[in-house]
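Note on naming: letters A, B, ... go to the chains in the order of the sequence lines (proteins, then strands), and numbering restarts at 1 for each one.
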Number of protein chains: 2
Amino acid sequence: MSRVTIKEIARRCGVSQGAVSYALNNRPGVSEATRARVLQVAAELEWAPNRAARQLSAARSETFGLVLARSAQTLIEEPYFMGFVGGVESVLAEKSYALALQVVADLDEELATYRKWAAERRVDGVMVVDLRVADPRLPVLRKLGLPAVLVGDPALADGMPCVWTDGTAAMNAALDHVASLGHRVIARIAGPPEYGDVWIRDQAFELAARRLSLETRIHHTDYSAAQGAAATRDIVTGSPRPTAIIYDNDLMAVAGLAVIQGLGLSVPDDLTLVAWDDSALCRITHPTLTALSHNIVGYGAEVTRRLLALISGAQPQAHLYSTPLLIIRDSSAPPG
Amino acid sequence: MSRVTIKEIARRCGVSQGAVSYALNNRPGVSEATRARVLQVAAELEWAPNRAARQLSAARSETFGLVLARSAQTLIEEPYFMGFVGGVESVLAEKSYALALQVVADLDEELATYRKWAAERRVDGVMVVDLRVADPRLPVLRKLGLPAVLVGDPALADGMPCVWTDGTAAMNAALDHVASLGHRVIARIAGPPEYGDVWIRDQAFELAARRLSLETRIHHTDYSAAQGAAATRDIVTGSPRPTAIIYDNDLMAVAGLAVIQGLGLSVPDDLTLVAWDDSALCRITHPTLTALSHNIVGYGAEVTRRLLALISGAQPQAHLYSTPLLIIRDSSAPPG
DNA sequence: CGTCGTTACTTAACCGGTTCGGCTTATCAG
DNA sequence: CTGATAAGCCGAACCGGTTAAGTAACGACG
């Protein structure tokens with residue numbers, strides 16, 4: 001615990017604190033000779049700026065906030081979030097920004113967290129995930145004046161800056177694929193309907209199905225393996241039995257696959273499966289799962305870059321990150 | 001951006017800043033009447049203490065650090081970490097502590113992170129995961145004087161405070177189970193040998209096998225699904241073929257299961273599988289996986305509580321959190 | 001009645017940086 | 001040789017809290 005401060009460096013170099021600050025921050029106001037000496041002494045003493053002090057005088061926290069309002073269980077099960085956080089970190093690390101990560105139970109707690117963060121000057125901005133239809137967080141963030149980048153479709157963003165992936169295009173690709181294989185009755189096992197992305201996919205699903213003259217059904221779940229399995233069982237034992245199922249995440253797809261195999265049916269002979277979110281799970285099952293793949297790590301990184309740009313004065317805008325790519329594997333084939 | 005400060009509260013109440021501070025912190029030095037008025041005004045203005053300012057004068061950051069030195073890919077695939085972080089957060093949230101989470105590539109970067117954090121006064125303490133045999137981080141942390149709680153066996157902790165689960169007892173339970181089913185040739189698909197937990201399980205595995213007169217083999221991997229699958233293929237096509245495999249995590253077990261089924265073999269008829277780390281994965285496969293279950297969320301929470309205790313002056317000590325519990329499911333049966 | 005002890009404050013220093021105004025000194029044009 | 005200009009540096013204020021030390025008012029007590 002050496003507690004090296006700028007004052008100590010100033011003492012050793014025989015200059016004032018202010019001069020040391022200029023030297024260390026690469027600003028004009030000191031001679032090159034002095035600057036070099038200061039930098040050398042600072043290096044010798046292994047000085048690093050005290051974060052709290054810098055934040056206090058800069059009136060910036062050099063921290064971004066991310067609140068996850070999902071059950072601990074979902075977070076553990078779904079690889080999505082760790083990947084997203086990993087991408088965020090990769091960008092923040094090089095800017096020596098930090099991430100304040102908070103896991104809460106519901107939207108109300110999430111709002112409370114934003115209020116607290118704003119009052120404490122805890123974060124310089126936030127990233128908002130799991131956008132809802134008519135999301136109550138948007139007006140609150142606006143009122144708090146907390147810079148935010150939303151993760152989701154511009155249709156949900158109400159004019160606030162956002163980064164999105166084109167779920168409609170992805171859904172079209174998935175339905176074109178199963179339709180071209182000859183499937184006519186398609187089920188969709190979706191996430192919670194209040195989630196904006198789910199809503200958008202629901203629309204896209206129905207629209208594309210009409211275009212392709214497919215018969216459809218949609219089951220909404222909470223994204224969990226348990227409900228994915230239950231929905232699969234419902235659908236498979238229903239009549240007429242669909243010949244293809246499109247899942248909203250890979251966890252439910254894997255759970256569904258196990259259910260189908262447990263019922264003595266075969267994938268892809270009896271049922272074609274398509275997953276969304278292509279994590280390692282899709283490659284370790286037997287058969288491997290056809291999936292809509294997108295780069296979650298890159299997504300998190302892109303959102304972070306946009307937030308950095310936003311707080312340095314960039315114009316807020318919607319930015320399309322990518323369109324999920326359909327990766328065709330062993331779980332899709334012509335029906336029966 | 002209201003920027004409410006203590007000074008503003010003082011002005012409105014007609015008292016000094018100091019008095020306001022005493023009132024807000026529930027310390028003696030102000031009358032009850034004044035205290036009540038201050039609290040009311042603070043509530044009206046929605047005041048919250050500026051975090052940086054408090055940290056600067058308290059010389060504490062109210063933040064704990066956690067560095068994960070694993071590839072982004074591993075982090076995404078393994079549910080373990082998100083669960084651990086969730087547990088940490090649950091304890092920190094109520095103390096209004098924060099977590100500084102950093103994802104780095106290797107141990108050297110991890111050490112650099114600790115040095116930086118120590119110099120910046122960025123964190124009050126750290127939790128150290130993935131303990132190594134003769135871990136190079138321990139002397140560095142000691143030298144930096146950074147309070148730390150290690151996540152791992154006391155045998156690896158070199159006298160530093162740690163929280164651990166009893167891997168030896170768990171391994172004994174697993175081997176007792178497969179031996180009592182009648183298995184005689186057992187394989188272990190392990191993590192990287194430099195990891196302390198893996199080393200301890202290796203020892204326990206060999207020792208228990210000798211006690212039970214079992215024939216053994218060990219394959220080390222990097223914990224990934226890919227290497228878990230490859231090791232499984234090696235083992236299953238080798239001779240004599242083991243009749244039971246014990247995996248070091250559930251991800252590899254699931255990947256191994258797919259490989260075995262892809263080779264036309266049946267679980268549990270041809271092979272008994274046992275996984276470690278019982279996440280949702282073990283329940284969504286078909287058959288479901290027998291696993292050594294432990295509460296990762298609770299583990300993270302316990303480590304955090306110990307770290308909080310440590311920085312408030314508790315004696316450093318080793319603390320056994322739990323012994324993983326063998327949950328018997330459909331993947332284990334007498335050899336076919 | 002003078003003294004002592006509390007209570008209820010105020011004042012000011014401090015945490016460790018950043019930043020602004022101003023003072024020296026050197027440089028250079030006129 | 002003088003006056004203007006700028007580079008280089010100092011001192012001090014400031015960010016928003018905490019806290020030690022000082023002070024005024026008041027009641028109790030010998």
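Contacts between residues 7-21 of chain B and DNA chain D, defined by a heavy-atom separation under 4.0 Å, are made by Gln17(B), Gly18(B), Ser21(B). Applying a 4.0 Å cut-off to non-hydrogen atoms, none of the residues of residues 34-41 of chain B approaches DNA chain D. If you check residues 22-33 of chain B against DNA chain D, the residues with a heavy atom closer than 4.0 Å are Tyr22(B), Asn25(B), Arg27(B), listed by number.
Between Arg70(A) and Glu78(A) there is a salt bridge, since a side-chain N of the basic residue sits under 4.0 Å from a carboxylate O of the acidic one.
Between the Thr113(A) side chain and the Glu109(A) main chain, a donor and an acceptor come within less than 3.5 Å of each other. Formation of a donor-acceptor pair under 3.5 Å by the Asn25(B) side chain with backbone atoms of Ser21(B) is found in this model. The backbone N or O of Asp108(B) lies less than 3.5 Å from a partner atom in the side chain of Asp106(B), making a donor-acceptor pair. Within the 3.5 Å criterion, the main-chain N or O of Val91(B) finds no donor-acceptor partner in the side chain of Thr304(B).
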Requested in this report: Please test Glu120(B) against Asn50(A) for side-chain contact (heavy atoms from CB on, under 4.5 Å), starting from the C-alpha separation and ending with a verdict.
Outcome: CA-CA 5 Å; Glu120(B) 289 180 341; Asn50(A) 180 304; over 6 Å; no

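The CG atom of Leu92(A) lies 10.5 Å from the CZ atom of Arg305(A); values are rounded to the nearest 0.5 Å. Taking CZ of Arg137(A) as the reference point, atom CD of Glu110(A) lies at 4.5 Å (rounded to 0.5 Å). With rounding to the nearest 0.5 Å, the separation of CZ in Arg122(B) from CZ in Arg51(A) is 4.0 Å. With rounding to the nearest 0.5 Å, the separation of CG in Leu150(A) from CG in Asp130(A) is 12.0 Å. Rounding to the nearest 0.5 Å places CG of Leu99(A) at 5.5 Å from CE of Met127(A).
Distance Arg54(A) CZ to dT19(C) C1': 14 Å, rounded to the nearest Å.
Two residues are said to be in side-chain contact when any heavy atoms from C-beta on lie closer than 4.5 Å; Pro136(B) and Val140(B) fail this criterion. Taking 4.5 Å as the limit, some side-chain heavy atom of Val85(B) sits within range of a side-chain heavy atom of Leu101(A).
Residue pairs satisfying the ring-ring contact (aromatic ring centres under 6.0 Å, His included) criterion with at least one member in residues 15-51 of chain B, sequence neighbours excluded, are absent.
Shown are Trp164(A), Phe84(A), Tyr299(A); of these, the ring pair (Phe, Tyr, Trp, His ring centres under 6.0 Å) with Tyr321(A) is made only by Tyr299(A).
The nucleotide range of DNA chain D contacted by chain A, defined by atoms under 4.0 angstrom from heavy atoms of the protein and reported 5' to 3', is dG8(D) to dG16(D).
Rounded to 10°, the helix from dC1(C)-dG30(D) to dG30(C)-dC1(D) has 60° between the axis fitted to its first five pairs and the one fitted to its last five.
With the nearest nucleotide of DNA chain C identified for both Ala59(B) and Ala58(A), Ala59(B) has the one nearer the 5' end.
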